[in-house]
Amino acid sequence: MRYDLVIFDNDGVLVDSEPISNRLLAAYLTELGHPTSYEDSIRDYMGSAMHRIHDLIEERTGQRLPVDFDDVFHGRVFAAFERELKPVVGAVGVLEKLAADGVPYCVASSGSHERIRVGHRTTGLDRWFEEERVFSSQDVGRGKPAPDLFLYAAERMGVAPERCVVVEDSPLGVQAAVAAGMDVYGFTAMTPAGRLVGATQLFSDMGELGALLA
């Protein structure tokens, strides 16, 4: 194994949540008077912490989103997760291999701890992620594309940044990993390869990841 720590993004990498959450985000923003298509949401917000959505809407329109925006949005997302959410195909196999080989791994997500936990519990991935393996943008001052979250995860896991690899599917996440001085494997199942500029390696099938990391 060429790395001492594998850091997974969560949404779109471990749990197949991006189609659900971006569909609901586009609908909610449109409902609030900010017309947004599903494609717009994927392009502008995929991989973002919630504060970035607020910042972009205010920057573009001069209007603030409602104070209860996060709570309402997450309520809709969690309800949809309970009905629809599945693990990313191949993710369980990758986790099984890492665990069997004794390779340290963790998750570092722009989502809240609650969102991570709901997604993992719903899909059965919670068995692979004890509390000490779970890191959220809530834990640091700045979310992706700042490197803070990945550096925090590496520090907490006791591994130097240059010995870490990040598995990401969003441009913001790739930027954050590069800024942290880490290699990053870009997952192109939903994101065109051309948008993951700076990735060390690109791959489209999560089942391939174990061999790529060996």
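- Looking only at side-chain heavy atoms (C-beta outward), Tyr185 and Val13 stay at 4.5 Å or farther from each other.
- A continuous path of Ile, Leu, Val, Met, Phe, Trp and Tyr side chains, each step under 4.5 Å between heavy atoms, connects Val6 with Phe203, placing both in one hydrophobic cluster.
- Listed by first and then second residue, the salt bridge (Lys or Arg N to Asp or Glu O under 4.0 Å) pairs involving residues 152-164 are Asp4-Arg163 (not counting sequence neighbours).
- Not one N or O on the side chain of Glu18 forms a donor-acceptor pair closer than 3.5 Å with the backbone of Met46.
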CA sep, side-chain torsions, deciding dist, call: Thr200, Met182, side chain to side chain contact (heavy atoms under 4.5 Å, CB included): CA-CA 9 Å; Thr200 311; Met182 301 176 181; over 6 Å; no
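- Not a single donor-acceptor pair under 3.5 Å links the side chain of Arg76 to the backbone N or O of Leu25.
- Judged by distance alone, the side chains of Asp169 and Thr191 never bring a donor and an acceptor atom under 3.5 Å apart.
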Test log, rule side chain to side chain contact (heavy atoms under 4.5 Å, CB included), inputs Phe129 and Ile116: CA-CA 10 Å; Phe129 289 95; Ile116 298 167; over 6 Å; no
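- Note that CG of Leu65 and CD1 of Ile53 are 8.0 Å apart. Values are rounded to the nearest 0.5 Å.
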Donor-acceptor contacts, no H, no angles, side chain residues 144-151, under 3.5 Å, sequence neighbours left out:
{"from": "Lys144", "atom 1": "NZ", "to": "Asp9", "atom 2": "OD1", "distance (Å)": "3.1"}
{"from": "Lys144", "atom 1": "NZ", "to": "Ala108", "atom 2": "O", "distance (Å)": "3.3"}
{"from": "Lys144", "atom 1": "NZ", "to": "Glu168", "atom 2": "OE2", "distance (Å)": "2.6"}
{"from": "Asp148", "atom 1": "OD1", "to": "Arg142", "atom 2": "NH2", "distance (Å)": "3.0"}
{"from": "Asp148", "atom 1": "OD2", "to": "Arg142", "atom 2": "NE", "distance (Å)": "3.4"}

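- Using a 4.5 Å heavy-atom cutoff, the side chains of Val134 and Arg117 are in contact.
- Under the 4.5 Å side-chain criterion, counting only non-hydrogen atoms from C-beta, Glu82 is in contact with Arg121.
- Under the 3.5 Å distance criterion, the side-chain polar atoms of Arg133 are matched with a main-chain donor or acceptor of Tyr105.
- Of the inter-residue distances, the one linking Glu131 atom CD with Asp126 atom CG reads 11.5 Å to the nearest 0.5 angstrom.
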Please list, one pair per line, the donor and acceptor atoms closer than 3.5 Å that link side chains of residues 205-214 to other protein atoms, with sequence neighbours excluded.
{"from": "Asp205", "atom 1": "OD1", "to": "Gly207", "atom 2": "N", "distance (Å)": "2.8"}

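- Under a hydrophobic clustering in which Ile, Leu, Val, Met, Phe, Trp and Tyr are joined whenever their side-chain heavy atoms come within less than 4.5 Å, directly or via other members, Val165 and Val197 fall into different clusters.
- In terms of modelled atom types and a separation under 3.5 Å, the side chain of Thr36 and the main chain of Thr30 share no donor-acceptor contact.
- Between the side chain of Ser136 and the backbone N or O of Gly111, at least one donor-acceptor pair lies under 3.5 Å.
- Thr122 OG1 to Glu84 CD: the interatomic distance, rounded to the nearest 0.5 Å, is 11.5 Å.
- For the residue pair Arg115 / Ser109, no side-chain donor-acceptor distance below 3.5 Å is found, with atom types taken as modelled.
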Side chain to side chain contact (heavy atoms under 4.5 Å, CB included) evaluation trace for Gln201 with Asp183: CA-CA 8 Å; Gln201 174 93 29; Asp183 282 0; over 6 Å; no
Residues Asp44, Arg60; criterion side chain to side chain contact (heavy atoms under 4.5 Å, CB included); working and verdict: CA-CA 12 Å; Asp44 294 343; Arg60 291 172 175 178; 3.0 Å; yes
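- For Glu132, there are no side chain to side chain donor-acceptor pair (under 3.5 Å) partners, not counting sequence neighbours.
- Listed for the Ser110 side chain is a donor-acceptor partner under 3.5 Å among the backbone atoms of Gly47.
- Minimum interatomic distance between Pro35 and Asp40 (heavy atoms only, all atoms of both residues): O-OD2, 4.5 Å.
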Below 3.5 Å, can you tabulate the donor-acceptor pairs from side chains in residues 86-103 to any protein atom, sequence neighbours excluded?
{"from": "Lys97", "atom 1": "NZ", "to": "Asp101", "atom 2": "OD2", "distance (Å)": "3.0"}

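- No chain of hydrophobic side-chain contacts below 4.5 Å, direct or via other Ile, Leu, Val, Met, Phe, Trp or Tyr residues, connects Met50 to Leu172.
- The minimum heavy-atom distance between Ala80 and Ile20, with the atom names listed, is CB-CG2, 3.6 Å.
- Atoms OG and CG, on Ser112 and Asp70 in that order, are 9.0 Å from each other to the nearest 0.5 Å.
- A distance of 6.0 Å separates CG in Leu202 from CG in Leu196, rounded to the nearest 0.5 Å.
- The aromatic rings of Phe73 and Tyr28 lie parallel to each other, with less than 30° between the two planes, well short of the 60° mark.
- One distance of note links CG of Asn10 with CZ of Phe8; it measures 10.5 Å at 0.5 Å rounding.
- The ring-ring contact (aromatic ring centres under 6.0 Å, His included) analysis of residues 34-62, with sequence neighbours excluded, yields the pairs His54-Phe69.
- In this structure, Asp55 does not pair ionically with Arg52, as no charged nitrogen and carboxylate oxygen lie closer than 4.0 Å.
- Residue Val178 is not grouped with residue Phe187 when hydrophobic side chains (ILVMFWY) are merged at heavy-atom distances under 4.5 angstrom, including chains of intermediate members.
- Looking only at distances, no side-chain donor or acceptor of Ser204 sits under 3.5 Å from a matching main-chain atom of Thr188.
- Criterion: ILVMFWY side-chain heavy atoms under 4.5 Å apart, direct or through other members. Under it, Trp128 and Met157 are not part of a common hydrophobic cluster.
- Scanning all heavy atoms of the two residues, the minimum distance from Ser41 to Asn22 falls at OG-OD1, 2.7 Å.
- Ala153 and Phe135 get closest at one heavy-atom pair: CB-CD1, 3.6 Å.
- Dense packing is recorded around CZ of Arg2, with more than 12 heavy atoms of other residues, nucleotides or ligands lying under 6.0 Å away.
- Between Gly198 and Val184, the shortest heavy-atom distance links the atoms O-CG1, 4.0 Å.
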